[in-house]
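The block underneath contains the structure these notes are about, expressed in structure tokens.
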Amino acid sequence: MPGPTPALPPYQRIAAQIQGQIERGELRPGDRIPSVRDIVRDEGVSVATATRVAAVLRAEGYAETIQGIGTVARMPSKITTGPDRLQLQRTTGSGFRPGERVEIVSAEVVSANAEVADALGVEEGTSVVQRRRRYLDEEGVIALSTSWLPGELGEAAPELTSTGPLPKMTFGLIEDRTGRRAVKRRDVVSLLPVPEEVAPLLDLEAGTLALTMANTYWDQYGQVTEYARDFMGPDRELAADYDLE
């Protein structure tokens, strides 16, 4: 039988606490993170331990040291994928990390191409809802995300074909209108050439190889509710955290 899960070393525990404050927006990019003296006083640890906290945050991309100012908070330049946004929406009420924003590029009914038809389980040429969004932060384009939904969902939720913001994102809107809740997903990561129609939105040349993630979502009845493909912006990482318990 496995033994008890060992506790994190103090410096990792404290770094995780500060990281959580940054993720929740309690510490904004540019805010000073607790100093070594603050950590020693508040956490009752040694100077050596407190010093390692900032090193961990810098290594994870959550802090940077600026000459003349000190060590300040920052958000790492990693991708926030559709699955991340779904989890953020359900836990915080917002699908965005601090400093992120979205531009709704288009929202319309289109004919499903072969890729989309196969993913949604419909005939090629079937009318489906297509929503295209560009996510940005202070460093530029995070990702260009295009999602496709079965046509009947557009009938149940006409807002899906509007370029106005969706307060609960597509996931929450569909659940509210139809009771269909996203309960399963599949992620496929690949390198693909950037299509001409989205290249300008990514600040990339058409045909440039870019990191992509395709997501398929199923509801509690085993029916596909959404298929999406994200093209990642330049110099972005694709990262995920998982609990292994």
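What you see is a predicted model; the values in this text were computed from it and never measured.
If you take CG on Leu144 and CG on Asp203, they are separated by 10.0 Å, rounding to the nearest 0.5 Å. Here Leu57 contributes atom CG and Ile22 contributes atom CD1; the two are 6.0 Å apart, rounded to the nearest 0.5 Å. Considering CG of Asp219 and CZ of Arg181, their distance stands at 11.5 Å, rounded to 0.5 Å. Note: Leu201 CG to Ser145 OG = 12.0 Å, rounded to the nearest 0.5 Å. With rounding to the nearest 0.5 angstrom, the OG1 atom of Thr71 is 5.0 Å from the CZ atom of Arg58. Atom CD of Glu205 sits about 10.5 Å away from atom CD of Glu196, to the nearest 0.5 Å.
Using a distance-only test at 3.5 Å, with no hydrogens or angles considered, a donor-acceptor pair links the side chain of Gln220 to the main chain of Gly179. Under the 3.5 Å distance criterion, the side-chain polar atoms of Glu103 are left unmatched by any main-chain donor or acceptor of Arg134. Checking side-chain atoms of Arg52 against main-chain N and O of Ala15 turns up no donor-acceptor pair under 3.5 Å.
The closest side-chain heavy-atom distance from Leu211 to Val189 is below 4.5 Å. Contact annotation: the side chain of Met169 never approaches that of Arg133 to less than 4.5 Å [non-hydrogen atoms, C-beta and beyond]. Using a 4.5 Å cut-off on side-chain heavy atoms (C-beta onward), Pro158 and Arg177 make contact. Contact annotation: the side chain of Arg132 approaches that of Val198 to within less than 4.5 Å [non-hydrogen atoms, C-beta and beyond]. Taking the side chain as every heavy atom from C-beta outward, Phe231 and Leu192 approach each other to under 4.5 Å. Between Ile174 and Leu149, some side-chain heavy-atom pair lies under the 4.5 Å cut-off. A heavy-atom distance below 4.5 Å is found between the side chains of Ile18 and Pro34. Using a 4.5 Å heavy-atom threshold, the side chains of Val72 and Glu64 count as touching.
If you chain together hydrophobic residues whose side chains sit under 4.5 Å apart, Ile14 and Ile33 fall into the same group. Val36 and Tyr11 fall into different hydrophobic clusters, where Ile, Leu, Val, Met, Phe, Trp and Tyr are joined by side-chain heavy atoms under 4.5 Å apart, directly or via other members. Note on Val56: it clusters hydrophobically with Val53, by side-chain heavy-atom contacts below 4.5 Å among ILVMFWY residues. Leu166 and Val128 are not part of a single hydrophobic cluster, where members link through side-chain heavy atoms under 4.5 Å apart.
Nearest approach of Arg180 to Val224, heavy atoms of both residues: NH2-O, 3.6 Å. What you find for Ser162 and Arg131 is that their closest heavy atoms are O-NH1, 2.9 Å. Nearest heavy-atom pair, Leu153 versus Leu160, reported as atom, atom and distance to 0.1 Å: O-CD1, 3.6 Å. Between Ala50 and Val40, the shortest heavy-atom contact is CB-CG2, 3.8 Å. Taking every heavy atom of both residues into account, Leu204 and Met232 meet most closely at CD1-O, 4.5 Å. Residues Thr216 and Ala119 come closest through the heavy atom pair CG2-O, 4.4 Å.
Counting non-hydrogen atoms of neighbouring residues, nucleotides and ligands closer than 6.0 angstrom, the CD atom of Glu197 exceeds 12 such neighbours. The neighbour count for Arg186 CZ, taken as heavy atoms of other residues, nucleotides or ligands under 6.0 Å away, does not exceed 12.
Checked options Gln19, Gln21, Arg32, Arg74; the residue passing with Leu27 is Gln21 (criterion: side chain to side chain contact (heavy atoms under 4.5 Å, CB included)). When each of Thr161, Thr170, Val110 is paired with Val129, the side chain to side chain contact (heavy atoms under 4.5 Å, CB included) condition holds for Thr161 and for no other.
Side chains of Thr146 and Arg229: no donor on one and acceptor on the other come within 3.5 Å.
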